Amino acid sequence: MKIVFHKLGLFGKSVLGLAIGIMLAIPASAKTTLTVYTAMEADMLKEYAAAVKKDLPDIGIRWVRDSTGIVTAKLLAEKNNPRADIIWGLAATSLMLLKTEGMLEPYAPAGAGKLSAQFRDSANPPSWTGMDAWIASICVNTVEATKNNLPTPTSWMDLTDPVYKGHLAMPNPNSSGTGFLDVSSWLQLYGELGGWQFMDNLHENIAWYTHSGSKPCKQAARGEVAIGISYAYRGAKSKAKGAPLELIIPREGVGWDMEATAIVKGTKKLAAAKQLADWSVTKKANVLYNKGYAVVAYPGVAKPVKHFPAGILEAMIDNDFEFAAVNRKRILGEWQSRYDAKSEAK
Amino acid sequence: MNTTVSIPASTVPNNRVSSIKIKLSRDDYTLRIGLVLLIGLLTVFVVFPLYSLLSKSMEDMDGNFVGLQNFHEYFQTPALLISVGNSLSVAFFTAMIVLVLAFIYAYALTRTQMPFRLFFRGVALIPILAPSLLAAISLIYWFGTQGVIKSWLFGSSIYGPIGVVMASCFWVFPHALMILITALSTADARLYEAAEALRTPKWRIFWTVTLPGAKYGILSTGFIVFTLVITDFGVPKVIGGNFNVLATDVYKQVVGQQNFEMGAVVSLVLLLPAVIAFIADRWVQRKQVALLSARAVPFQPKPEPLRDWLLFGFCSFIAFIFLAMLAMAAYASFVTFWPYNLSLTLNNYDFDLMDGGGWEAYYNSIQMAIYCAIFGTGLIFIGSYLVEKARGVTWMRTLLHLIAMLPLAIPGLVLGIAYIFFFNHPDNPLGFLYGTMAILVISTIIHFYTVSHLTGLTALKQLDPEFETVSLSLKTPVWRTFGKVTLPVCLPALLDVASYLFLNAMTTVSVVVFLYSPETMLASIAVLNMDDAGDIAPAAAMALMIVYTSATFRILHALFSNYLKRRTQVWRNR
Amino acid sequence: MPESKQNYLRIENLTKHFGDFVAVQELSLEIHDGEFICFLGPSGCGKTTLLRAIAGLDPQSSGRITQAEKDISNLPPSQRDFGIVFQSYALFPNLTVFQNVAYGLENMKIPKPAIQKQVNDLLDLVGMPEQTDKYPAQLSGGQQQRVALARALATSPGLLLLDEPLSALDARVRATLRHEIRLLHERLGVTTILVTHDQEEALSMADRIVVMNEGRIEQVGTPEEIYSTPASPFVADFIGVMNFMQGEVSTSGKVLVGEKTLVCETGEIPHASKVRLTVRPEDIVCSAKAKDIINSFAVKVESLEFLGSFCRLILKGPEGFGELMTDLSTQQVHELNVSPGTALTAVFPARNLRVFQESS
């Protein structure tokens, strides 16, 4: 047999080689690495990670980033075999849904009490803690608007004017949290019936539904469409880059959602997850959140964000998160059957 | 009439059916263990995942068996059915257009004395160096809402079937061209001489000799282009707009809605045309072999100014389009803010500030491509060696060969989703592979296994089958002959396989799009994600990084092959 | 040449099937130590199959092979003792002549200088000194086959198997190499089996020839035996050129062909048996005048074919004889003044006539 194994060398080598390749591919980790699911903007993640690295040197972060809808769906799909340790930066409506599914580990981060009351789960201990609010906006490319003789819209209703036909883009609420907060805000503003009626009309004008919430604004910035329904941070960012954009706050008010943090039930790294959750409610963290969001959970931190349209805070609707979270699945299903199926006709 | 004394029959077992059992030598053990290992490996990485996919398609969300209910539901969903029609029509039109263009191009390259043939050939192969997304991105800059020559579309939108067909034509062109060049290169000059001796008009020679001779090549090209387009995911994702096709449906179901069961159903639907095309292509290939078995005299084209210059014009036009596609993407990647600020900048190459994995994705890609080239080439060549050279155990060799042929029929997207089901299953002991670089390497190797396997077989078949016999008689273990003779002689083919794997690993999207993790983000996926997030200029920049890298690799490969050829030409010249 | 008549290789009741096709059937054979044996037969007769069974490359379906008193029936090729040379040379293209010849030696843990010497000796032996650094592609076919031979002999095998080694070479090289292989064999005395379909090769090289047909042995014997006393019509036809006549044994020692009677050895063939009568062209004696001796008949020249040193005449014999070939030297042709239509007398010497009973 010894001889046989000696001869095995050739194949042994290749198989061994493959095995070694596999080993190398698995990063050796001495510190605790948390798998963090997030829907935060990619360009912010680096900064957050750097801050965490400085303050919590024993914790490594493995980001899993995607759009709100996708992260939510992913978490739901992995319900029986969760891969995430902690969720940091996902829409509160999504976290509420996960809470009802029993997927969150209730935990009051040290210092959570200092946050504004509406930025916390009302239960005690809370299942999630808020970070910031992101707010819907309309990005209008002034160059394209002029070129196409489009009047500047001042309200959501304006957007249903046939003059905008083919000039609008908006995020698909099934995948994008921004898309969902828009839909949920319209249903709250106009009521169930009026809301769908509005969206039916809007649908006539939509050129395409995007997968990501920031894409409509980025496309508007590049002039691929004239008007993008997106959110304020993205618009401000594009504007800073020199895009001919104007951010519009519709008269009726703008939808918004909170980004929040929650620990996933069943994580094997609970201690580390708690450490990160603690850090996520600190003032320092909130200062960071303020770089992109005008409203943050820690009172007194928020400073005005450059290029944000004036009056946007006042325009925020009185959001009924309960309604949004409870009806999320139904709303998305309805939307899907109305517009995704018809999207071919566009 | 035996002249020797015959031995009483009883001393010899006279079994008419089974052969005498020859004791297995160490070599036989080595090779058989190798066969078993490789069959096992491929079973785990090809057959099992496919089985998981099949069983998943018949489960509900909670994993209960529901038979064909998902399929029923699928065929009740009009939006999904529309995708079937879209996929078929886009694939069909692309196949037709590419067939015509690539045939003329290939004809010009092989059957005429057109000038600059080598240059044209090189240009036409450019798309192989880029992910299919590049064409789509470039088209957006040419024909998009802010496109330079948007008006050329007469008001039609590039986002939709037009864009998908145009971009698809670009990236499948070299694949079609290579098959057609092969088909047209094998012409028998004697047929042409005979036809000319009979004073046949040129057009009639074309219809009665040229076309029939390339018939199988043309059919084969049609099938391959059709399959490539229908299974491609990148192009419709980037430029399809609301025009849904099967491949984007799989992605939407799996990534967008995490509806894995429906994803499984759609991917099985996607598997169908691919399998049909695969079988048809195999059939065609067999026919073609029969056609070529005759001893042919190579065809030497004669100059014919009118035809040659007409074709020169045609090829210049195509080559110009190809270069324009590349150039536009390259230019746009340096533009500060298209279309409002056209000053040049390197900001778009600052991938770390974008959604898509940053520069790390690029380095990951290179790392993965190198792994694929090294491990893939080794594994695949050993596989083809076993199929060709193991003694006895014909059934095992046949089995290995059959499994090795399978991946060609499986679209990358389907393989990817099958891998999720198989490796992400909580009970799978191989689950640790999920989310690692290893699974990306494995899936990529498997996806491109068949072509590499066939290349290896072809190289091995050219060796004298008696090398092994001679080695046996010289009591040399098989691995020594493998290392000292087989491997060195097959080295050029091995380099080709390595290069093929490297380039495909750099550019593939479909096979890895479900399998990457945040640590193992790849450049091609980054292109996709950046485009998805609306960062189209950085997407173009990343796609170009892939092109530069692939091109560099190609050049290195060519240089090394040349060096090798020069070094070994003493013993290679026959 | 060693004169020991010891058996070296013994094949007993060997059968080989490929599916339903029987390639070799119940074949038994003994080969002596140091013998040069040829397996001769048309393609598909099973000679190569037999060779590959001896080497263990395609194991027999049943039967036993003993080499040097050792039953090797079940041994894999690597544990058998043989060297082999193929028609295709099968030289490793990326190795030099030296490396090719040293290939088997390097495996035997022989010190480098010893290998060096042995390889040079072997290359001397096959007439290829001073070509050690060339690659196979730089050599002619004949040279390559010499190297292949040296390589096969390098490990001093007890048995040398040559599978149509000369078939790919042109006629002149073939003749030279034929001679040299024979000389080599006489010097080394290694038991050698040559597989060939070329009777000339077999006749000129072998100590004994094994004529095979359809998986069976037709005859085993020295070249002289095979040529002059073929054991079957097949052998008679396959080796050299032969005239055949149909006849019937009338009485013992007499065969009736058409209306003529030929005297010849009929052995134990019963009366009235249908037989075939054979005679070689060169054994028919032609003269201008009628001769009153037995087995002489009037014939007419139909045509003649000039073949260099001799002429082949096609003769029309008496009723029932059919067309007959005979060879005359060019000088004889002149003497007899032969041209188409010439009448001659042909004598069929009784000792040169062989009678085969027709299988009914």
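In this text, all values refer to a predicted model and were calculated from it rather than measured experimentally. So you know, we letter chains A, B, ... as the sequences are listed, proteins then strands, and number each from 1.
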* Should the heavy atoms of other residues, nucleotides or ligands under 6.0 Å from OH of Y563(B) be counted, would the total exceed 12? -> no
* **Residue pair Y29(B) / P76(C), side-chain heavy-atom distance below 4.5 Å** => no
* Portion of T155(C) that has a non-hydrogen atom of chain B nearer than 4.5 angstrom -> side chain
* Asked: Residue by residue, which of residues 45-58 of chain C have a heavy atom closer than 4.5 Å to a heavy atom belonging to chain B?
  -> R52(C), G56(C), L57(C)
* Is it the backbone or the side chain of L24(B) that comes under 4.5 Å from a heavy atom of chain C, or both, or neither? -> backbone
* Structure fact -> Closest non-hydrogen atoms of R151(C) and L474(B), given as atom of the first, atom of the second and distance, are O-CD2, 3.5 Å
* Enclosure of L559(B) CG (heavy-atom neighbours >12, cutoff 6.0 Å) -> yes
* Asked: Hey, is CZ on R554(B) packed in by over 12 heavy atoms from elsewhere, all under 6.0 Å?
  -> no
* **Over 12 foreign heavy atoms within 6.0 Å of CZ, R121(B)** => no
* Structure fact -> In this structure, OG1 of T469(B) is separated from CZ of F86(C) (nearest 0.5 Å) by 4.5 Å
* Please say whether more than 12 non-hydrogen atoms of neighbouring residues, nucleotides or ligands are located less than 6.0 Å from CD in E214(C). => no
* Is it the backbone or the side chain of T486(B) that comes under 4.5 Å from a heavy atom of chain C, or both, or neither? -> neither
* **Shortest non-hydrogen contact from A90(C) toward D464(B)** => CA-OD2, 3.5 Å
* Structure fact -> If you tally heavy-atom pairs under 4.5 Å between each of N94(C), T96(C), N107(C) and chain B, the highest tally belongs to N94(C)
* Once you round to the nearest 0.5 Å, how far does NZ of K475(B) lie from OH of Y103(C)? -> 13.5 Å
* Please report the closest heavy-atom contact between S471(B) and F92(C), naming both atoms and the distance. => OG-CZ, 3.8 Å
* Name the region of L95(C), side chain, backbone, both or neither, that has any atom closer than 4.5 Å to a heavy atom of chain B. => side chain
* Taking the side chain as every heavy atom from C-beta outward, state whether Q99(C) and K484(B) have any pair of such atoms under 4.5 Å apart. => no
* Residue pair Q79(C) / S25(B): nearest heavy atoms and the distance that separates them -> NE2-CA, 4.4 Å
* Roughly how far, to the nearest 0.5 Å, is OG of S78(C) from NZ of K23(B)? -> 11.0 Å
